[in-house]
There are 2 protein chains.
Amino acid sequence: MKSNVKNSELKSVRRYLYEKGLKHSLKRHTIAELFFREDKHLSIEELYDKVKKIDPDISFSTVYRALRLFERAGLAVSRRFIDGITKFEPVHPKEHHDHLICVRCGKIIEFKSKKIEDLQKEIARAYKFELLNHRLELYGYCNKCRRGPVNRKP
Amino acid sequence: MKSNVKNSELKSVRRYLYEKGLKHSLKRHTIAELFFREDKHLSIEELYDKVKKIDPDISFSTVYRALRLFERAGLAVSRRFIDGITKFEPVHPKEHHDHLICVRCGKIIEFKSKKIEDLQKEIARAYKFELLNHRLELYGYCNKCRRGPVNRKP
DNA sequence: GCTATTTTTGACATTGCTTTTCATTTTCAA
DNA sequence: TTGAAAATGAAAAGCAATGTCAAAAATAGC
């Protein structure tokens, strides 16, 4: 396996496991490596597919449990999209973007805003939160759907 | 039924139905009245409970379908929380708040930020979106959990 | 390096919410 | 009033997430 891995996060996993008296298995390590190398959010299924290629003996359950573990350790965040699928994301992705979502046609546009991120940090500070991640979704009509309505279910 | 109802939204429902060649039933009207009177997000179940008190002959399915209809009409937004329950919210609630969520203990704090809302409008404008609603969630450790870890699943 | 103890794992079952189905009823336009 | 199209209720199906439990693997203590 290549070594372009986020070692700091792998260490955090180890530390968390140690603090909780949990064990550090090879499989968990494989999952962690693949997960924290990723930058974008991944469903359990998607990560499972990647994991299988490295070690086919790792089951879906294990991937699922590992992700929930990372989440409890504060190293991952889960979110559920409209399609009903839960996706996980490392807490410090290299690049974070937010979403504009059209409620008519379902189109999704990604955007970034430094200003909004700064305001979020300010708010977190005010409430004494240690900010790990965030989720911002703007819902509305896209340019097309404002005029001639388009239906997702025609 | 009292008349402190958001008539503009009821009219929008009618217009949408007309545009789509759909029919306007009394039951749908009852559901709409109760829904748009609400200010906060409601699960299907919660709205169904309210509806039953007015007209016990309205089924869960009908409430479900009405909410999805409002959504397609751009009058409601649905979101799924971590507990797996989908909640719906009128597109223009009188008062909108966002959430700070502790990833360890699950605590949720509500907050409001005029500045962030303004920035959101700016972004929507840049992408030619007609903004209806938004969802902003900040994830992190709350004040307590930053120090002594607290587990949701001990 | 062993062994005992505890955690992890895999496969499958179960759960719980959401969505669809279909026969029946209601709406609406002509 | 009547017929075609849509809405409805009840129940079933769908589906992702989560729980179960026996077997396997990982540490700690020797």
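All chains are named by letter (A, B, ...) in the order of the sequence lines, taking the proteins before the strands, and each is independently numbered beginning at 1. Because the structure is a prediction, the values reported are computed rather than measured.
- You'll find the ring centres of A:F70 and A:F36 inside the 6.0 Å limit.
- Rounded to whole Å, the distance from CZ on A:R28 to C1' on C:dT6 is 12 Å.
- The backbone N or O of B:H134 sits less than 3.5 Å from a side-chain atom of B:R79, completing a donor-acceptor pair.
- A salt bridge does not link B:K112 with B:E117: none of the charged nitrogens is closer than 4.0 Å to a carboxylate oxygen.
- Without hydrogens or angle criteria, B:E33 side chain to B:T30 main chain gives no donor-acceptor distance under 3.5 Å.
- A:K114 meets the side chain to side chain donor-acceptor pair (under 3.5 Å) test with A:D118; sequence neighbours excluded.
- To the nearest angstrom, C1' of C:dT27 lies 16 Å from NE2 of B:H29.
- Across the helix from C:dG1-D:dC30 to C:dA30-D:dT1, the helix axis at one end is tilted relative to the axis at the other end by 40° (nearest 10 degrees, each axis from five pairs).
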Scan nucleotides 16-18 of chain C against the protein and return all N/O pairs shorter than 3.5 Å with their distances rounded to 0.1 Å.
residue	atom	partner	partner atom	Å
C:dT18	OP1	B:T86	N	2.6
C:dT18	OP1	B:T86	OG1	2.8

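- Qualifying side chain to side chain donor-acceptor pair (under 3.5 Å) partners for B:H97, counting only residues two or more places apart in sequence or in other chains: B:E110.
- With hydrogens and angles ignored, the 3.5 Å screen pairs no side-chain donor or acceptor of B:K27 with any backbone N or O of B:D55.
- Side chains of B:F88 and B:I44 form a contact here, defined as non-hydrogen atoms less than 4.5 Å apart.
- We find that CZ of A:R72 is positioned 13 Å from C1' of C:dT7, with the value rounded to whole Å.
- With sequence neighbours excluded, no residue forms a side chain to side chain contact (heavy atoms under 4.5 Å, CB included) with B:K23.
- Regarding A:I58, its CD1 atom lies at a distance of 7 Å from the P atom of C:dG10, rounded to whole Å.
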- Protein proximity profile, nucleotides 20-30 of chain D - base contact B, sugar-phosphate-only contact S, no contact -, cut-off 4.0 Å on heavy atoms: B-----BS---
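- Note: CG (B:L67) to C1' (C:dT19) measures 14 Å, nearest angstrom.
- Using a 3.5 Å distance cut-off with no hydrogens or angles, the side chains of A:E46 and A:Y48 do not pair a donor with an acceptor.
- Counting heavy atoms from C-beta on, the side chains of B:R28 and B:L69 come closer than 4.5 Å.
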